[in-house]
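Input: a single structure, listed below in structure tokens.
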Amino acid sequence: MEPKPTGFSIADYIVFATSLLASFGIGVYSSLAGKKEQTTDDFFFGNHDMNIVAVALSLAATFLSAIGLLGLPSEIYRNGWSYSVLLLSETICGLMGIFLFIPFFYKLRMTSVYEYFEHRFNRTLRRCACLLFITYMMLYMSIVLYAPALALSQVSGLPIWVSILTSGLICTIYTSLGGMKAVIWTDAFQMVIMLCGVVIVLVHGVISAGGVSTVLEANRNTGRLFVDFHGDPTIRHSFWALLVGGTINIMPFGLNQATVQRYLSVKNKRAAQRMLSIQLPTILTWWTILISVGLTMFGYYKGCDPQLSGRIERPDQMMAIFVSDVLGYLQGLPGLFTAVVYSATLSTVSSGVNSIVVVLTEDFIKPMHDMRRKTLLEERTIMRITKGLSFLIGFVAIGMAFISSALGRGLIQFCVSIEGMCGGPLLGLFFCGMMLPFVSSKGATVGVFCGLVMTFWIGIGAIVTHATVEPMPLFTDTCPAFFGNETTDNFAAFFPANQSSAVKGISSWNDTAGLGPDNVFRIQRP
């Protein structure tokens, strides 16, 4: 393995800029096409007549983020393919969406999913759920903008502030102008770009690593193809822990505001079920490709780990350096990969902005106005408010992304993990309402409070205690001499002279600025 020339060429910048301009153009065009007078049905649901394939691709893209794109291959590279069990969890949740969640929400036909809590329990629980959703989505969007910008800046040379500002402004503008219709069509385009990009990375990576058999042999020899079927809960990633825990972790996204908006953006319940039947294999294909890329990365770097050799500083940069090594000599392809990362960012942030606008409008602004004035807001007034809120939320997310650059990694990790801390109690609240008719509003309130206390205690405790994870063996036996004396100095600083080159103790997932294994399959999705 010899590193190839890195850095962006003119062709890379052209490919990257073209993809961004195409996303922007599709979003703006979809906002201008059709009716001159936009309604809330257009802005929130695409007038309930969107193409099911476009919606399926959009929903798949919404479930993905640049954090997952950069984090999952690194997790597989360092700790083996145990995470592939989550493909079963994703399948279970997809089937629940088709046969349980879609019929449920088509029966309700509510604009905001949290309106259900007021009808089932009380207004207080509705607003608490909304505040939880808005809080974790704003924090998550800020990290989705910042984290990939940080990782890419180390490889492509793009300044962090340029990355954040560019991606943030583009998705804010087209989301504010076109609403859900613009979000769906741009997401669909971005999903195609993302799939093409990772397939190219996988194919070139396998060829560069010496073929499929070489990749599989390298991973098999170091135990990376092993899955632990023991029921011991103290094991980091056993089959049963991943299957049960992964299902509970992924399930809230089937009840998420952005997801439900897509359920209702097609003509009827059967169309929504067909849409999800397309979305499920799409997202499973995506994760399968990324898992394969992670295994391929180890086959390529099996004798010279980039972090141990001093070429990168953190595990979250593994995917970027791998692309630079295997595609760097082909002008334009590193630019395509950068476009893939930005597409993942745009799809997540645009969906997040649109869903937060819906919640603010339907759960706070309209009820408060109707209660005080005893009159309903006019359609034009609602549209002005929603578009203004879209711009405001987009700019706030950009500002929070810049603030994230000044935060310690513990706080950044908290911003990513807060979705999981809030998602569990909200999932429990939905299931209490849907399946347990005897649960009262007081019982639900106490349950949500206790759930939040428990999840925040566990989540914050893991951050404060700096829980570390030792990776599987990583080697430096075949690192070429031309890495230079600086690399040797780095080895001397971290590892004693008598330590084996099969280093097992470097790393910890809190070193990844939040791009750790337990965040890989997360919203990714709002």
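Evaluation of the side-chain hydrogen bond (donor to acceptor under 3.5 Å, both in side chains) rule for Asn354 yields Gln261 as partners, not counting sequence neighbours. Listed by chain and number, the residues in a side-chain contact (heavy atoms from CB on, under 4.5 Å) with Val15 are Leu336 (sequence neighbours excluded). Scored by the side-chain contact (heavy atoms from CB on, under 4.5 Å) test, Ala11 finds Ser9, Gln331 as partners (sequence neighbours excluded). Contacts of Arg274 classified as side-chain hydrogen bond (donor to acceptor under 3.5 Å, both in side chains), with partners at least two apart in sequence or in another chain: none. Taking Phe189 as the reference, nothing meets the ring pair (Phe, Tyr, Trp, His ring centres under 6.0 Å) condition, with sequence neighbours excluded. In this structure Phe104 satisfies the ring pair (Phe, Tyr, Trp, His ring centres under 6.0 Å) test together with Tyr116, sequence neighbours excluded. Qualifying side-chain hydrogen bond (donor to acceptor under 3.5 Å, both in side chains) partners for Ser23, counting only residues two or more places apart in sequence or in other chains: Gln190. Every residue meeting the side-chain contact (heavy atoms from CB on, under 4.5 Å) condition with Pro103, not counting sequence neighbours, appears here in chain and number order: Lys269, Gln273. With sequence neighbours left out, Phe239 forms a ring pair (Phe, Tyr, Trp, His ring centres under 6.0 Å) with Phe229. Listed by chain and residue number, nothing satisfies the side-chain hydrogen bond (donor to acceptor under 3.5 Å, both in side chains) test with Asn51 (two or more places apart in sequence, or in another chain). Taking the ring pair (Phe, Tyr, Trp, His ring centres under 6.0 Å) definition, one finds that Phe430 meets it with Phe117, sequence neighbours left out.
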- Apply side-chain contact (heavy atoms from CB on, under 4.5 Å) to the pair Gln307 and Glu313, showing each step before the final yes or no. CA-CA 6 Å; Gln307 187 176 7; Glu313 298 176 359; over 6 Å; no
Working note: Thr476 + Cys304, criterion side-chain contact (heavy atoms from CB on, under 4.5 Å); need CA distance, chi angles, decisive distance, verdict. CA-CA 4 Å; Thr476 58; Cys304 187; 5.7 Å; no
Query raised in the report: Run the side-chain contact (heavy atoms from CB on, under 4.5 Å) check on Ile193 and Val340 step by step: do they pass?
Result: CA-CA 6 Å; Ile193 292 290; Val340 170; 4.3 Å; yes
Practice problem: Report the C-alpha separation of Leu86 and His237 in whole Å, then their side-chain angles, then the decisive distance to 0.1 Å, and conclude whether the side-chain contact (heavy atoms from CB on, under 4.5 Å) test is met. | Solution: CA-CA 11 Å; Leu86 289 184; His237 284 153; over 6 Å; no
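Side-chain atoms of Arg224 and Thr222 form a donor-acceptor pair, as typed in the model, at a separation below 3.5 Å. Side chain to side chain, Ser163 and Tyr146 fail the donor-acceptor criterion of an N or O pair below 3.5 Å.
The distance from atom CH2 of Trp185 to atom CD1 of Ile26, rounded to the nearest 0.5 Å, is 9.5 Å. Rounding to the nearest 0.5 Å gives a distance of 11.0 Å between OG of Ser265 and CD1 of Ile52. Atom CH2 in Trp161 sits 12.5 Å away from atom CD1 in Ile398 (nearest 0.5 Å). Atom-to-atom distance recorded for Tyr13:OH and Thr18:OG1 is 14.0 Å, nearest 0.5 angstrom. A distance of 11.0 Å separates CZ in Phe24 from CG in Leu20, rounded to the nearest 0.5 Å. With rounding to the nearest 0.5 Å, the separation of CD1 in Ile312 from OG in Ser74 is 7.5 Å.
Using a 4.5 Å heavy-atom threshold, the side chains of Val349 and Leu145 count as touching. At a threshold of 4.5 Å between non-hydrogen side-chain atoms, the residues Phe322 and Leu327 do not count as touching. For the pair Pro425 and Thr455, the minimum side-chain heavy-atom distance is below 4.5 Å. Put simply, the side chain of Thr296 does not reach to within 4.5 Å of the side chain of Tyr301, judged on heavy atoms. Between Leu72 and Met319 the shortest side-chain heavy-atom distance does not fall below 4.5 Å. Side-chain contact between Leu346 and Tyr174 is present, with heavy atoms from C-beta onward closer than 4.5 Å. Phe133 has its side chain within reach of Ser355: a pair of non-hydrogen atoms, C-beta onward, lies under 4.5 Å apart. Considering only heavy atoms from C-beta on, Cys422 comes within 4.5 Å of Phe456 through its side chain.
Using bins of under 30°, 30° to 60° and over 60° for the plane-to-plane angle, the ring pair Tyr263/Phe105 lands in the tilted bin.
Under the 3.5 Å distance criterion, the side-chain polar atoms of Ser238 are matched with a main-chain donor or acceptor of Ala241. Remark: side-chain polar atoms of Ser208 are not paired, donor with acceptor, to backbone N or O of Gly205 under 3.5 angstrom. In terms of modelled atom types and a separation under 3.5 Å, the side chain of Ser351 and the main chain of Thr348 share no donor-acceptor contact.
In this structure, Met454 places its CE atom where only 12 or fewer heavy-atom neighbours from other residues, nucleotides or ligands lie under 6.0 Å away.
Here Arg78 does not pair with Asp305 in a salt bridge; the nearest charged N to carboxylate O distance is not below 4.0 Å.
Residue pairs meeting the salt bridge (charged side-chain N to carboxylate O under 4.0 Å, His left out) criterion with at least one partner in residues 245-262, sequence neighbours excluded, are Asp187-Arg262.
Nearest heavy atom pair, residue Gly27 against residue Ala182, reads O-CB, 3.4 Å.
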